[in-house]
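Keep in mind it's a predicted model, so treat the numbers as computed, not measured.
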Amino acid sequence: MAEETKKRVVVVGAGVIGASTAFDLQRRGHQVTLVDKGEPGRGTSFGNMASIALDFAAGSGPSTWKKMPRWLLDPEGPVWLRPSYAAKMLPWFLRFLAAGRPSRLRQIEDAGMSLSERALGDFRQMLQAIAASELMTEEGCLAIYETEAEFAADRGHLAMMQRYGLEFEVLSNGAIQYYEPALSPAIAKAVLLPDNKSIRDPYRLVVKLAEAAKAAGTAFVSGAVRNIERKGDGAVVVLLEDGGRLEADSVVLAAGVHTRFLAEKLGEPIPLETERGYHTQIMKPGISMRYSMIWPARAFMVTPTAGGIRVGGNVELAGLDAAPDFRRPRVLVRHAQRALPGLKLEEATDWMGHRPALPDTIPIISPSSKMPGVFYATGHGHLGLTYAPTTARLIGDMVSGIKPPVDMRPFRIDRY
């Protein structure tokens, strides 16, 4: 990159989105500073389900509306709304319902798939660039269905995958155990998703990204960001809680759900909520798995990752401050043991994290509508890991003044 086009860029947030973005910008020749109050990868990115999920699914829609009342009333269902948080969630829920209108739903699917169709290729290129290709498995994912009725209920999702050209194979009876012997013979159907890969250790991935960015010249600053200001000469200033100031030509806000507080201060509030997710990491599971597994009807996954088997998923709506309810991951483990009868719960630890969720499911990857030089990369929901390299490349293009290869209008911050 020519000397005159190099920019000083501050990236706020050292999760998988921020670390990927910092690495991409540093490779382009920019002078990058990565800011976080914690260590890279120790936030929400630490506990994701390690899945590169290309089969994008919009959160809202008629099929979801039908299930939602039953889910919310079921104490062991896949979605749990704490009564004390219900009033605060109402505006978000209204936007969520609006996003499920048939005309809007197709637009959301088109936007989500415009990222998904690039995700695997971008991921492989990023892993190769940090000399960590071994972190991605070559096995795919199995979606399982305990009954024919469960399979029939998911046909709309399979039809969507067909529409966008995603590969899959429907398996029955003995063929299921051929692919994954640990699965119960009671599982009636499964769908093999060969391109839905997994990461062997998502925390290690973020660490490797941060190390590669640092080796290329990225500076690291430990601290919490208080606000963003713009100087008269056009520079953007990141103000830290400890009084520190970081001047830059561009700032990328990739702090997950915490991005909403900075957006509010910039005068562009966004409906960014936390979908609290849980996992149980089992280091002595008593079984081995070749594929990751998702059970759509129960909305959870099981993934061999981080040296053991991880069971996780579910959505708890309770805000940022409520204490974790570790009864939730125990429910998921019981469901997992129904599908995997040999699964043991030995040397297990529970974890809870905050997915940054927007009501229309697709992220914000956008310049600020209020302050030139500020960019947003947030709201990836369940697909933060999947979309991290693609988001990094798109933000890298925008910061560098290059037209991105994707229509960015669906991801703009002022779409609400």
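The CG atom of Leu142 lies 7.5 Å from the CG atom of Leu193; values are rounded to the nearest 0.5 Å. Here Thr33 contributes atom OG1 and Glu247 contributes atom CD; the two are 12.0 Å apart, rounded to the nearest 0.5 Å. The line from CD1 of Ile413 to OG of Ser366 is 6.0 Å long, rounded to the nearest 0.5 Å. How far CE of Met161 is from CG of Asp195: 11.0 Å, rounded to the nearest 0.5 Å.
The minimum heavy-atom distance between Thr303 and Ser198, with the atom names listed, is CG2-OG, 3.8 Å. Of all non-hydrogen atoms in Ala322 and Ala318, the two that sit nearest each other are CB-O, 3.6 Å. Contact detail for His279 and Gly47: the closest heavy-atom pair is ND1-O, 3.0 Å. In terms of heavy-atom proximity, Met68 sits nearest to Val79 at SD-CG1, 4.2 Å. The two residues Val257 and His354 make their nearest non-hydrogen contact at CG1-CB, 4.3 Å. Residues Leu105 and Ala58 come closest through the heavy atom pair CD1-CB, 3.6 Å.
The stretch residues 165-175 participates, sequence neighbours left out, in no salt bridge (Lys or Arg N to Asp or Glu O under 4.0 Å) pair at all. Applying the salt bridge (Lys or Arg N to Asp or Glu O under 4.0 Å) rule to pairs touching residues 102-113 yields Arg104-Asp360, Arg106-Asp110, Glu109-Arg163, sequence neighbours excluded. For residues 314-323, every residue pair satisfying the salt bridge (Lys or Arg N to Asp or Glu O under 4.0 Å) rule, not counting sequence neighbours, is listed here: Arg82-Glu316, Arg276-Glu316. Pairs passing the salt bridge (Lys or Arg N to Asp or Glu O under 4.0 Å) check and including a residue from residues 170-192, sequence neighbours excluded, read Glu148-Lys189.
Proximity of a side-chain donor or acceptor of Arg412 to a complementary backbone N or O of Arg409 within less than 3.5 Å is detected. Of the possible donor and acceptor atoms, one in the side chain of Asn48 sits under 3.5 Å from a partner among the backbone N and O of Ser45. In this structure, the side chain of Thr305 engages the main chain of Arg200 through a donor-acceptor pair within 3.5 Å. With Gln177 contributing its side chain and Ser184 its backbone, the two residues share a donor-acceptor pair below 3.5 Å. A distance-only check finds a donor-acceptor pair linking the side chain of Thr378 to the backbone of Gly256 [under 3.5 Å].
The pair Glu139-Arg290 meets the salt-bridge criterion, since a charged nitrogen lies less than 4.0 angstrom from a carboxylate oxygen. Contact check on Arg330 versus Asp350 returns a salt bridge, with a Lys/Arg side-chain nitrogen under 4.0 Å from an Asp/Glu carboxylate oxygen.
Taking Phe168 as the reference, nothing meets the ring pair (Phe, Tyr, Trp, His ring centres under 6.0 Å) condition, with sequence neighbours excluded. For Tyr278, the ring pair (Phe, Tyr, Trp, His ring centres under 6.0 Å) partners are Phe326, not counting sequence neighbours. Glu138 is linked by a side-chain contact (heavy atoms from CB on, under 4.5 Å) to Arg124, Lys197, counting only residues two or more places apart in sequence or in another chain. Looking at residues two or more places apart in sequence or on another chain, you find no salt bridge (Lys or Arg N to Asp or Glu O under 4.0 Å) involving Glu241. Listed by chain and number, the residues in a salt bridge (Lys or Arg N to Asp or Glu O under 4.0 Å) with Asp36 amount to none (sequence neighbours excluded).
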Could you tabulate the donor-acceptor pairs under 3.5 Å formed by side-chain atoms of residues 89-102, not counting sequence neighbours?
from   : atom 1 : to     : atom 2 : distance (Å)
Trp92  : NE1    : Pro271 : O      : 3.3
Trp92  : NE1    : Ala357 : O      : 3.4
Arg101 : NH1    : Ala98  : O      : 3.0

Which donor-acceptor pairs under 3.5 Å do the side chains of residues 113-123 make with protein atoms, sequence neighbours left out?
from   : atom 1 : to     : atom 2 : distance (Å)
Ser114 : OG     : Ala111 : O      : 2.6
Ser116 : OG     : Leu54  : O      : 3.3
Ser116 : OG     : Gly112 : O      : 3.3
Ser116 : OG     : Tyr387 : OH     : 2.9
Asp122 : OD1    : Arg393 : NH1    : 2.9
Asp122 : OD2    : Thr390 : OG1    : 2.8

When the side chains of residues 204-229 are checked against the rest of the protein, which donor-acceptor pairs come out under 3.5 Å, sequence neighbours left out?
from   : atom 1 : to     : atom 2 : distance (Å)
Thr218 : OG1    : Gln26  : OE1    : 2.7
Thr218 : OG1    : Ala213 : O      : 3.3

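By the 30° and 60° cut-offs, the orientation of the rings of Trp351 relative to Phe46 is tilted. Between Tyr291 and Tyr179, the ring planes lie perpendicular to each other; the angle is over 60°, past the 30° to 60° tilted range.
Lys265 NZ: more than 12 foreign heavy atoms inside a 6.0 Å radius. In Glu134, the CD atom is crowded: over 12 heavy atoms of neighbouring residues, nucleotides or ligands sit closer than 6.0 Å.
Looking at Glu268 and Ser368, their side chains come closer than 4.5 Å, going by heavy atoms from C-beta outward. Tyr376 is not listed as a side-chain neighbour of Ile365, based on a closest heavy-atom distance of 4.5 Å or more. Residues Leu171 and Val191 have side chains not in contact (no heavy-atom distance under 4.5 Å, counting atoms from C-beta outward). For the pair Phe151 and Leu158, the minimum side-chain heavy-atom distance is below 4.5 Å.
For the residue pair Glu273/Tyr85, the side-chain donor-acceptor check at 3.5 Å is satisfied. Ser400 and His30 share a donor-acceptor pair across their side chains, judged by distance under 3.5 Å alone. Gln31 and Arg8 share no side-chain donor-acceptor pair at under 3.5 Å. No donor-acceptor contact under 3.5 angstrom links the side chains of Gln128 and Ser133, judged on distance only.
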Determine whether Trp295 and Glu150 satisfy the following criterion, side chain to side chain donor-acceptor pair (under 3.5 Å), listing intermediate values before the conclusion.
CA-CA 10 Å; Trp295 194 337; Glu150 281 187 4; 3.0 Å; yes
Where do Arg334 and Glu76 land on the salt bridge (charged side-chain N to carboxylate O under 4.0 Å, His left out) test, with the steps shown first?
CA-CA 10 Å; Arg334 289 203 304 274; Glu76 296 193 353; 2.4 Å; yes
